[in-house]
Amino acid sequence: MNNYEHLFSPIKIGNQLVKNRLFMPPLSTNLGKKGYVTDELVEHYKARAKGGVGLFVTEVVTVEPTYVYLPGDMSIHDDSFIEGWSKLASGVHEYGAKILPQLFHPAYMAFPLPGTPRLIGPSAVGPSYAKEAPRPVTIEELKVIISQFADAAERAKKAGADGVEIHAAHAHGLLGGFLSPLFNKRCDEYGGDIDGRLKLTLEVIDAVRERCGDDFIIDCRISGSEYVEGANGLPEMIYVAKQLEKHSVNMIHVSGGVTIARGSAIPAAGTKAGSHVDCASEIKKHVSIPVVAVGRILEPWFAEELIANSKVDAVFMGRANLCEPEFANKAREGRVDEIRPCIGCLRCLTGIMFGKRVSCTVNPSFELENEDTLIEAEVKKNVLVIGGGPSGMEAAYVLKKRGHNVVLCEKDGDLGGLLRPASVPPCKQDLTRVIKYLKRRLELNNVEIKLNEEITLEKLQNEYKGYEVVLSSGSSPIVLSKFDEFKQTMTADEVLMGKKFPGRKIVILGGGSVGCETADYLSPIVHDKAPRNREIIIIEAMKEVMMKDAGAGRASIVQRMMKKPIEMVTSATLTRVDKDNIYYEQNGVEHCINDADTLVYAVGYRSNNSLVSQLEDAGIKVYVTGDAGGVATLKEAISSGYEVARKIGSVKSNGVLWGRQK
């Protein structure tokens, strides 16, 4: 049964027919090795091809050997790479999918590995974080680079790829930089007006077409708008799209923004769904070739609506398919509530710049053995999972899938743990989908769940005698009792769960993610100085708020807070309070806040693991996961539940049963 008839209808791109309109865009994985395709990378793509994706544009593939974009990215700059690409193309073709390597020259965005020569660019203009300005590339060098793009495309064709994508978006890399007035300040034939700035991209496309023939798909990725002043806007990019079609491009991949404006090209969690659809839809009106949008398209109903309403011809769904390899199959079969939800946290990109492999908060493993391919335990056991937060729910699911008898006990009246208050602030709604998904899996697998069930040592020695224990009892907010003399105090979690209600002038102690999200939640959406508006002061010891966070998510919340009546006092320490006053020190000077009515604690969490020593003393085997083993991120919590449950009942190669984990 086809539940999304437009999304899963075929589409013709150039002279080739693609089986559906659910495509996967380029997402760096760092699963390659020295630019070569590895078996692990092949399996990564094959899993998603098996899951129903119609067409892949791969992660960045460099066309020459000098400049590296990311330490683990791919290349195809000589014939030695063809064998690996043949394996990859054959792997996805096995499931009827198409594959297009994304050809790219990083130029001034290259990773400055030791020994790398001075980076090149259209002009002596680079990103603000660069250590030196790039060297303007010469016209003679551009002729060589054009040939390198054509050579790379020809190798991709020999390897069995169905086409290539030419990356000219985001004012990023050589082609994107030449196209954008932000970086192209040239006064020769490759600069000046839009035709000059586009010239290099068109010459690359012409060279690829001449080398690879008419049946080879050429897709071009562009920003529908760069979204910043002084850059390309939608009118320019409509014109660009028309020129691309005239030069034999078969498909236009519409992204948006620029990489130097955090959150514009890769939007943060909670921001507008279909972030670049408006631009793609307008461009579609002016060309006859397929136009495909990307950016926060995370749910099948939304993808279906975009295509059914003729906004776009197909959709690129990246993080959704990274998180859930079976996304397409589950959507087509009507099993939407079984789709592992992407929460847009961008954890998949964290560490990529430093050579770490791709990861996902909600999907704990991309290995051959993972949540979807679990191996039965050699020894089946009775296991009690204490705690129904994300780590406990993950552990209970994996244990049940592996054949153990599992009981999950939660002391509260509902599952979810700290995910419940975490889902309350603005732009965090998607966390509720994670709770629903984890609960749904437990239901589908008939895991016994007991709510409002406080576990004691007595119960373990009687009712659950003979059970091994996975302790996933989570953590609790830290309360600084020395400041409780103030007239009204509460924790951020009590605020977010509606257990306590703050006043109008609020001091939040702690400017990490929890403190900032709570301030964002409490503050009026509109900063209009209305008399009833709340005023909020964050006191943070570090030199900036959210110092442990990075990327688009942090940029998004900090920008929102700067537009609201939120004062961020950093490099400051709360020193003392009395009933009506709060004192803090900053730069050696003590300040007094004498008109606040509420003090909110957002200073971290403390593990709930008091049962561990009791269980050990009683001779009960215990495995500790999630916050109970040390306060963790959501990714760490889910991953620890998965890893512990995957090993319980497993026999090592020497025949010894896997031991206790503390």
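No experiment lies behind these values; they were computed from the predicted model shown.
- Between V577 and E485, the shortest heavy-atom contact is O-OE1, 3.7 Å.
- Within 6.0 Å of NZ in K436 there are 12 or fewer heavy atoms belonging to other residues, nucleotides or ligands.
- Applying the side-chain hydrogen bond (donor to acceptor under 3.5 Å, both in side chains) rule to pairs touching residues 596-606 yields D484-Y601, Q488-T598, D493-Y605, sequence neighbours excluded.
- Using a 4.0 Å cut-off between charged side-chain N and carboxylate O, K459 and E454 make no salt bridge.
- The closest donor-acceptor contact from the side chain of R296 to the backbone of T271 lies under 3.5 Å.
- Of the inter-residue distances, the one linking T29 atom OG1 with R357 atom CZ reads 8.5 Å to the nearest 0.5 angstrom.
- E567 is not listed as a side-chain neighbour of I538, based on a closest heavy-atom distance of 4.5 Å or more.
- Checking E226 against S180 by side-chain atom types alone, a donor-acceptor pair falls below 3.5 Å.
- E371 contributes no side-chain N or O that, together with a main-chain N or O of N363, makes up a donor-acceptor pair within less than 3.5 Å.
- Residue N594 holds its CG atom at 10.0 Å from CG of D578, rounded to the nearest 0.5 Å.
- Between G126 and P134, the closest heavy-atom pair is N-CD, 3.6 Å.
- Pairing each heavy atom of A637 with each of A632, the nearest pair is N-CB, 4.1 Å.
- Around the NZ atom of K563, the shell of radius 6.0 Å holds no more than 12 heavy atoms that belong to other residues, nucleotides or ligands.
- Taking CD1 from I582 and CG from L599, the interatomic distance works out to 4.5 Å, rounded to the nearest 0.5 Å.
- Here the side chain of E299 pairs no donor or acceptor atom with the backbone of W301 at under 3.5 angstrom.
- Between the side chain of S225 and the backbone N or O of G233 there is no donor-acceptor pair closer than 3.5 Å.
- For I266, the side-chain contact (heavy atoms from CB on, under 4.5 Å) test picks out R319, L346, L349, with sequence neighbours left out.
- Sorted pairs that involve residues 472-507 and meet ring-ring contact (aromatic ring centres under 6.0 Å, His included), not counting sequence neighbours, are lacking altogether.
- Side-chain contact between V569 and I537 is present, with heavy atoms from C-beta onward closer than 4.5 Å.
- For the residue pair S28/E59, the side-chain donor-acceptor check at 3.5 Å is not satisfied.
- Using a distance-only test at 3.5 Å, with no hydrogens or angles considered, a donor-acceptor pair links the side chain of N30 to the main chain of K356.
- For S476, the side-chain hydrogen bond (donor to acceptor under 3.5 Å, both in side chains) partners are N608, not counting sequence neighbours.
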Handout entry: Pair Y69-F104, ring pair (Phe, Tyr, Trp, His ring centres under 6.0 Å): steps then yes or no
Key = CA-CA 9 Å; Y69 177 55; F104 184 70; 5.1 Å; yes
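- Considering every non-hydrogen atom in both E540 and G510, the closest pair reads OE1-C, 3.7 Å.
- Listed by chain and number, the residues in a side-chain contact (heavy atoms from CB on, under 4.5 Å) with A618 are L457, Q461, I620 (sequence neighbours excluded).
- Taking the side chain as every heavy atom from C-beta outward, C342 and E324 never approach each other to under 4.5 Å.
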Exercise for the section: Assess whether salt bridge (charged side-chain N to carboxylate O under 4.0 Å, His left out) is satisfied between E517 and K428, documenting all intermediate values. Expected result: CA-CA 9 Å; E517 287 170 0; K428 300 297 292 292; 3.1 Å; yes
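- Taking the six-membered ring where tryptophan is involved, the planes of H170 and H167 are perpendicular, since the angle between them exceeds 60° and thus also 30°.
- The list of salt bridge (Lys or Arg N to Asp or Glu O under 4.0 Å) pairs with a residue in residues 410-426, not counting sequence neighbours, reads D412-R420, D414-K439.
- Put simply, the side chain of S223 does not reach to within 4.5 Å of the side chain of V258, judged on heavy atoms.
- Take K500 and apply the side-chain contact (heavy atoms from CB on, under 4.5 Å) test, not counting sequence neighbours, and it matches M490, E494.
- Residue pairs satisfying the ring-ring contact (aromatic ring centres under 6.0 Å, His included) criterion with at least one member in residues 565-585, sequence neighbours excluded, are listed as follows: Y584-H591.
- Listed by first and then second residue, the side-chain hydrogen bond (donor to acceptor under 3.5 Å, both in side chains) pairs involving residues 545-559 are S556-R560 (not counting sequence neighbours).
- Remark: Y108 engages F183 in a ring pair (Phe, Tyr, Trp, His ring centres under 6.0 Å) (not counting sequence neighbours).
- One distance of note links CG of L322 with SG of C348; it measures 5.5 Å at 0.5 Å rounding.
- Using a 4.5 Å heavy-atom threshold, the side chains of V68 and L70 count as separate.
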Practice task
I would like to know whether E590 and R576 meet salt bridge (charged side-chain N to carboxylate O under 4.0 Å, His left out); could you show each step before the answer?
Solution key: CA-CA 10 Å; E590 187 175 71; R576 59 192 175 96; 3.1 Å; yes
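- In terms of modelled atom types and a separation under 3.5 Å, the side chain of E394 and the main chain of S391 share no donor-acceptor contact.
- Distance check: N609 CG to S475 OG gives 10.0 Å after rounding to the nearest 0.5 Å.
- Between T361 atom OG1 and L431 atom CG the span is 9.5 Å, to the nearest 0.5 Å.
- Between M568 and E544 the shortest side-chain heavy-atom distance does not fall below 4.5 Å.
- Looking at residues two or more places apart in sequence or on another chain, you find a side-chain hydrogen bond (donor to acceptor under 3.5 Å, both in side chains) between D337 and R440.
- Atom CG of L451 has more than 12 heavy atoms from other residues, nucleotides or ligands within 6.0 Å.
- Residues P267 and K272 fail the side-chain proximity criterion, which asks for heavy atoms closer than 4.5 Å.
- Of the possible donor and acceptor atoms, none in the side chain of S281 sits under 3.5 Å from a partner among the backbone N and O of V277.
- Here the side chains of L182 and N232 are not in contact, with every heavy-atom distance at 4.5 Å or above.
- Remark: the Q429 side chain and the T432 side chain contain an N/O donor-acceptor pair separated by less than 3.5 Å.
- With sequence neighbours left out, Y521 forms a side-chain contact (heavy atoms from CB on, under 4.5 Å) with V424, P425, P426, V495, L496.
- Residue G392 comes nearest to L408 through the heavy atom pair O-CD1, 4.3 Å, listed as atom of the first residue, atom of the second, then distance.
- Remark: the backbone N or O of C323 is paired with a side-chain donor or acceptor of R340 at under 3.5 angstrom.
- Nearest heavy-atom pair across S607 and A628 is CB-O, 3.8 Å.
- The 12-atom threshold is exceeded at NZ of K450, counting heavy atoms of other residues, nucleotides or ligands nearer than 6.0 Å.
- Side-chain contact of T625 with S472: a donor-acceptor pair under 3.5 Å is present, judged by distance alone.
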Handout entry: CA sep, side-chain torsions, deciding dist, call: R347, S359, side chain to side chain contact (heavy atoms under 4.5 Å, CB included)
Key = CA-CA 7 Å; R347 177 67 62 178; S359 63; 4.0 Å; yes
